[in-house]
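Some notes on the structure that comes next.
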Amino acid sequence: MGTLPSAPVEKVIVTYKSQAAEAGSNTAAKSDAAEKAAKTGEKLAFERRLAGGAALVDLGDSATKQDVTEVMDAFRADPAVASVEPDIRAYAMAVTPNDTEYAKQWDLFEATGGMNVPAAWDKTTGSGVTVAVIDTGYAAHSDLAANTVAGYDFISTSSDARDGNGRDADAKDEGDWNATDGECGTGSRASNSSWHGTHVAGTIGAVTNNTKGIAGIAYGSKVQHVRVLGKCGGSSSDIADAITWASGGSVPGVPANATPAKVINLSLGGASSTCPSVYQTAINGAVQRGTTVVVAAGNSNANTSGFTPANCSNVITVASTSREGNRSYYSNYGTAVDVSAPGGETRRATDTPGTVTTPENGILSTLNAGTTVQSTENYKPYQGTSMAAPHIAGLAALLKSAKSTLTPADIETAIKSNARPLPGTCSGGCGSGIADAAKTVDAVTGTTTPPTGTVFTNNTDVTIVDNATVSSSIAVTGRTGNAPSALKVGVDIRHTWRGDLVIDLVAPDGTVRNLKASSSSDSTDNVITTYTVDASSEVANGTWKLQVRDVASGDTGYINSWSLTF
């Protein structure tokens, strides 16, 4: 991605003809390097024989481009030489994009709450896959335009569509504002246009490495806006038809989709204890056509079973996690949740609803500045399972691009099997954990992940006493040398008001390394996470201790388990 560095050439690779003495004799190759050095005036040295039989010749770190050219010309002029080429440098392609707002996209790359996306980009970017965003339609945005294909407007009621007609081929977002309270039913509130579909689309497919804005998870894919939400939301009949059309199915009176989607994102939902048959029929048809359907779990801090289409079958239902790796305070939960992904928190749970107090912890994406109708493009952070779902839709596109034979069931299994446990807490059920993009892509492409080493664990419960210090020990044996510079310390402590706890790792020689400080404002329950410690100055073998100090009274708990990974 981007412009690669221009590194100087310090060595050349010389392949001799098979009958030449230098082809098999290192002594002859050394002599030939010395002969070429005398001829060119350069300092040349035979370094080693490569696996393919070629000779690696070192020019030194002061060689200029002209020097390299002269040396290569000298070798090429030798009838015993079959070829000569520079020993060029290669670079990892999962480098940081140059998009100006990328540093704010913690959801893609941060170790605690992120989804490990950049490490997947050297294997797949979603090329060849279309992702349908069934939502409010599109608001014009230069960070999306190049990655957008033609969609459709499925809102059948002209007053809801606000475009003067019913269904048509223009998926433009005409705004979903409400002018007055009660306009959309009892309890509805006046609100500005959300440009929701544009925000969702940016997370999936924003143009990347274009020196502006944000990076999309599957930036090699194409986004297809399918409009179903307008004034006062959208109807299940329109949404079901949109699912069918987006996946390549036939809808009466609507032209066929020229670019059917292999992934559908549904960041929408309503209250229902069962999945309506109109939804389930459309979803089943989409899946049968090979389209993966991703659905937001909902934002009511309630069991997902009461919300649809999140409670439908044949979908990947996604809960939301915070930057700290907890279940977002608003996210639905339960057994219907398949997996979690970053959805962010633009405010704390106790802050006034509707306020934005922690924008840095939300999901930044493409948007529009208009309060009702479209105005200028911009970028803003949102929170919601609506923001979590496109992370999984983007990952599904990466997987389908990396291995086109994957079925929707294969994709769901791969995402769930390679998710990691939440580093924070989740009451109620968050599926298999936070999705890991790179690990999942590696799994489906057959790329092996380096072994983590030996894990030493203590599963014996230790009661934590108020205003006292307790410890749990692990005896490490069979290791040689010192501990790793990135020693993994897995901690599972069950304790109400975890801010009361100070947690330390004590090395065999008594050296104490603090893992967690106390905090009077951290009222969250439990510490379930993995710390990384530089323990390279410590001998690996010996008795290590997890030391826990409770600095206050009134809350209780215990060390459930902990581990060291060498």
Side-chain angles (χ1 to χ4, degrees), residues 134-136 154-157 160 176 178 182-189 191 194 196 200 226 228-244 246-247 264-288 291-321 327-341 343 349 353 383-390 392-393 408-409 412 415-416 422 426-433:
I134 298 181
D135 214 291
T136 63
F154 271 88
I155 301 178
S156 54
T157 305
D160 293 343
D176 59 352
N178 296 326
E183 187 175 0
C184 294
T186 303
S188 68
R189 304 299 300 271
S191 62
S194 65
H196 190 272
V200 168
V226 186
V228 296
L229 303 179
K231 179 184 176 182
C232 302
S235 68
S236 59
S237 56
D238 286 345
I239 293 167
D241 276 357
I243 293 170
T244 298
S247 60
I264 287 174
N265 187 93
L266 292 168
S267 287
L268 49 79
S272 175
S273 59
T274 60
C275 174
S277 61
V278 69
Y279 277 163
Q280 195 62 69
T281 299
I283 290 167
N284 290 347
V287 171
Q288 288 167 7
T291 301
T292 299
V293 181
V294 180
V295 183
N299 303 325
S300 300
N301 187 27
N303 197 300
T304 307
S305 61
F307 299 84
T308 200
N311 59 6
C312 295
S313 302
N314 269 345
V315 300
I316 302 176
T317 299
V318 186
S320 171
T321 51
R327 175 172 68 83
S328 299
Y329 67 85
Y330 53 78
S331 177
N332 287 351
Y333 50 81
T335 57
V337 172
D338 293 300
V339 71
S340 297
Q383 67 175 24
T385 57
S386 281
M387 284 60 255
I392 300 303
E412 178 176 351
I415 291 173
K416 291 162 68 171
L422 271 65
C426 173
S427 56
C430 287
S432 57

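Atom OG of Ser427 and atom CZ of Arg327 lie 4.0 Å apart (nearest 0.5 Å). For the atom pair OG1 of Thr292 and CD of Glu412, the computed distance is 8.5 Å after rounding to the nearest 0.5 Å.
When side chains are defined from C-beta on, Val287 does not count as touching Ser247, because their heavy atoms never get closer than 4.5 Å. Residues Ser313 and Cys275 have side chains not in contact (no heavy-atom distance under 4.5 Å, counting atoms from C-beta outward). With a 4.5 Å cut-off on side-chain heavy atoms, Tyr333 and Asn301 count as touching. Counting heavy atoms from C-beta on, the side chains of Asp176 and Leu229 never come closer than 4.5 Å. Within the 4.5 Å cutoff, no side-chain heavy atoms of Asn314 are placed close to those of Val293.
Here the closest heavy-atom approach between residue Asn265 and residue Ala393 is recorded as OD1-CB, 3.5 Å. Taking each heavy atom of Ala282 and Ala240 in turn, the nearest pair found is CB-O, 3.4 Å. Between Val339 and Ser432, the shortest heavy-atom contact is CG2-OG, 3.7 Å. The heavy-atom pair separating Pro309 from Tyr279 by the smallest distance is CB-CD1, 4.0 Å. The two residues Ala246 and Ile134 make their nearest non-hydrogen contact at CB-CD1, 4.3 Å. In terms of heavy atoms, Gly343 sits closest to Met387 at O-CB, 3.9 Å.
The side-chain contact (heavy atoms from CB on, under 4.5 Å) test with Ile239 is passed by exactly one of Val278, Val228, Thr244: Val228. Between Thr385 and the choices Val295, Thr304, Asn332, Asn299, the side-chain contact (heavy atoms from CB on, under 4.5 Å) rule is met once, by Asn299.
Between the side chains of Ser320 and Tyr330, a donor-acceptor pair is found at a separation under 3.5 Å. Between Asn284 and Gln288, the side chains place no donor N or O within less than 3.5 Å of an acceptor N or O (distance only, hydrogens not considered).
Although no hydrogens or angles enter the test, the distance criterion places a donor-acceptor pair under 3.5 Å between the side chain of Ser235 and the main chain of Asp238. Under a 3.5 Å cut-off, the side chain of Ser188 and the backbone N or O of Gly185 do form a donor-acceptor pair. Judged by distance alone, the side chain of Asn303 and the main-chain N or O of Gly334 form no donor-acceptor pair under 3.5 Å. Counting only distance, with no hydrogens or angles, the side chain of Thr321 and the backbone of Ala341 share a donor-acceptor pair below 3.5 Å. For the pair Asp338 (side chain) and Thr317 (backbone), a donor-acceptor distance under 3.5 Å is present.
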### Query
For Ser386 and His196, what are the C-alpha separation, side-chain angles and deciding distance, and is it a side-chain contact (heavy atoms from CB on, under 4.5 Å)?
CA-CA 9 Å; Ser386 281; His196 190 272; 3.0 Å; yes
### Query
Are Thr308 and Asn311 close enough, and set up right, to give a side-chain contact (heavy atoms from CB on, under 4.5 Å), and what steps lead you there?
CA-CA 5 Å; Thr308 200; Asn311 59 6; 2.9 Å; yes
#### Entry: Ile243/Leu266 under side-chain contact (heavy atoms from CB on, under 4.5 Å): CA gap, chis, key distance, verdict
CA-CA 9 Å; Ile243 293 170; Leu266 292 168; 3.9 Å; yes
